[in-house]
There are 2 protein chains.
Amino acid sequence: MTKTKAQYEARAQIARALAHPTRLLLLDALADKDLCVGEMTELVGADQSTVSKHLAILKETGFLQMEKHGAMNVYSLRCQCLEQFFGCIESVLRQKVQAQQELVEI
Amino acid sequence: MTKTKAQYEARAQIARALAHPTRLLLLDALADKDLCVGEMTELVGADQSTVSKHLAILKETGFLQMEKHGAMNVYSLRCQCLEQFFGCIESVLRQKVQAQQELVEI
DNA sequence: CTTAACTATGGCGATATGGCCATCTGGAAA
DNA sequence: TTTCCAGATGGCCATATCGCCATAGTTAAG
């Protein structure tokens, strides 16, 4: 049951990659279709270097893969597990709302 | 498809709660049975105040609930979605290993 | 080769996170 | 009440994260 410290650290690193709104937005967008850095920069509305760094994190973690098309770098999803992740997140959010409602209704 | 900035922020906050090895350990242990702060402090091997703060984060986020038993505070899981979350994490880890292997085998 | 377009990277300041120590709070027992 | 015990909270320092700017690297076009 209890894993080693290194195992928890490895899992935490994956989770950290998902712990930023911009990176969640990028994953969401890439679930729809592959995109190049320029398109995502416009979508996010931040500096190009900022977006590039977020993409590097998602790529290093294993969520994304990159393919060069001329001067453009096209990113795409490399994992099919995001549904599971977001399912958990949504579940927690719904439960939170429910807890708030119960406090009001009493 | 594309959600609002606030929605991504809310999801990122949930993910941040999962982005620390100690908190993953705590969730793992609590999946087995309910525990009080003292037990978890011993399990983690950090300062009591450190553990207490981690628990506060997990509680605020909605992953845990707390029940007072005399002077002891007993924490328990409040969500049933961690399987999904860990499923995603494990999937990414496996894929990472596979990618490393492919690099070696070429 | 030179230029222009597209990305990646280094650096820096601002902010957030994590750890421990010290302290405060609340409940149980003497 | 006084005393302990279990936890929670505030403070402080070290480190990590994040954003932008500036710049370097890469590829296609002229």
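Only heavy atoms go into these numbers, but all of them, side chains included; no hydrogens, no water, no symmetry mates. Per chain, numbering begins at 1; letters A, B, ... match sequence-line order. Quick caveat: nothing in here was measured; it's all calculated off a predicted structure.
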Does the side chain of Gln95(B) reach to within under 4.5 Å of the side chain of Cys79(A), using non-hydrogen atoms?
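Yes. Closest side-chain heavy atoms under 4.5 Å.
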
Do Asn73(B) and Leu55(B) have side chains that get closer than 4.5 Å, going by heavy atoms?
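Heavy-atom side-chain distance check fails, nothing below 4.5 Å.
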
Whole-Å distance separating the [atom1] atom of [X] from the [atom2] atom of [N]:
X        : N       : atom1 : atom2 : answer
Asn73(A) : dA5(C)  : CG    : P     : 17 Å
Glu67(B) : dG7(D)  : CD    : P     : 14 Å
His54(B) : dT9(D)  : NE2   : C1'   : 15 Å
Asp47(B) : dA14(D) : CG    : P     : 18 Å
Glu60(B) : dT9(D)  : CD    : P     : 9 Å
Ile57(A) : dT7(C)  : CD1   : C1'   : 16 Å
Lys68(A) : dT27(D) : NZ    : C1'   : 8 Å
Leu58(B) : dT17(C) : CG    : P     : 14 Å

If you find the nucleotide of DNA chain D closest to Lys53(B) and the one closest to Val37(B), which residue's nucleotide is nearer the 5' end?
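Nearest-nucleotide comparison on DNA chain D picks Val37(B).
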
Phosphate contact ([N] OP1 or OP2) by [X] side-chain N/O below 4.0 Å:
X        : N       : answer
Tyr75(A) : dA8(C)  : yes
His20(B) : dG19(C) : yes
Thr50(B) : dG19(C) : no
Arg23(A) : dC18(D) : yes

Can you identify which nucleotide, out of dT7(C), dG7(D), dT17(D), has its nearest atom closest to the Met72(A) side chain?
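Closest nucleotide among those given: dT7(C).
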
Test for a donor-acceptor pair under 3.5 Å between the base of dA8(C) and the side chain of Gln48(A), counting only N and O atoms.
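Side chain to base: pair present.
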
Checking only heavy atoms, does the side chain of Ser49(A) share a donor-acceptor pair with the base of dC21(D) at less than 3.5 Å?
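Under the 3.5 Å cut-off, the side chain and the base do form a donor-acceptor pair.
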
Regarding Lys3(B) and Glu9(B), does a basic nitrogen lie under 4.0 Å from an acidic carboxylate oxygen?
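Result for this pair is no, no salt bridge flagged.
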
Are Leu77(B) and Val37(B) connected in a single hydrophobic cluster, I mean Ile/Leu/Val/Met/Phe/Trp/Tyr linked by side-chain heavy atoms less than 4.5 Å apart?
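Same cluster: Val37(B) reaches Leu77(B) through Ile, Leu, Val, Met, Phe, Trp or Tyr contacts under 4.5 Å.
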
Group every Ile, Leu, Val, Met, Phe, Trp and Tyr by side-chain heavy-atom contacts under 4.5 Å, then state whether Met72(A) and Met40(A) land in the same group.
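No; tracing contacts between hydrophobic side chains, which count when under 4.5 Å, never links both residues.
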
Please work out if Ala56(B) contacts a base, only the sugar-phosphate, or nothing of the nucleic acid, heavy-atom cut-off 4.0 Å.
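Nothing: the residue Ala56(B), judged by heavy atoms under 4.0 Å, touches no strand.
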
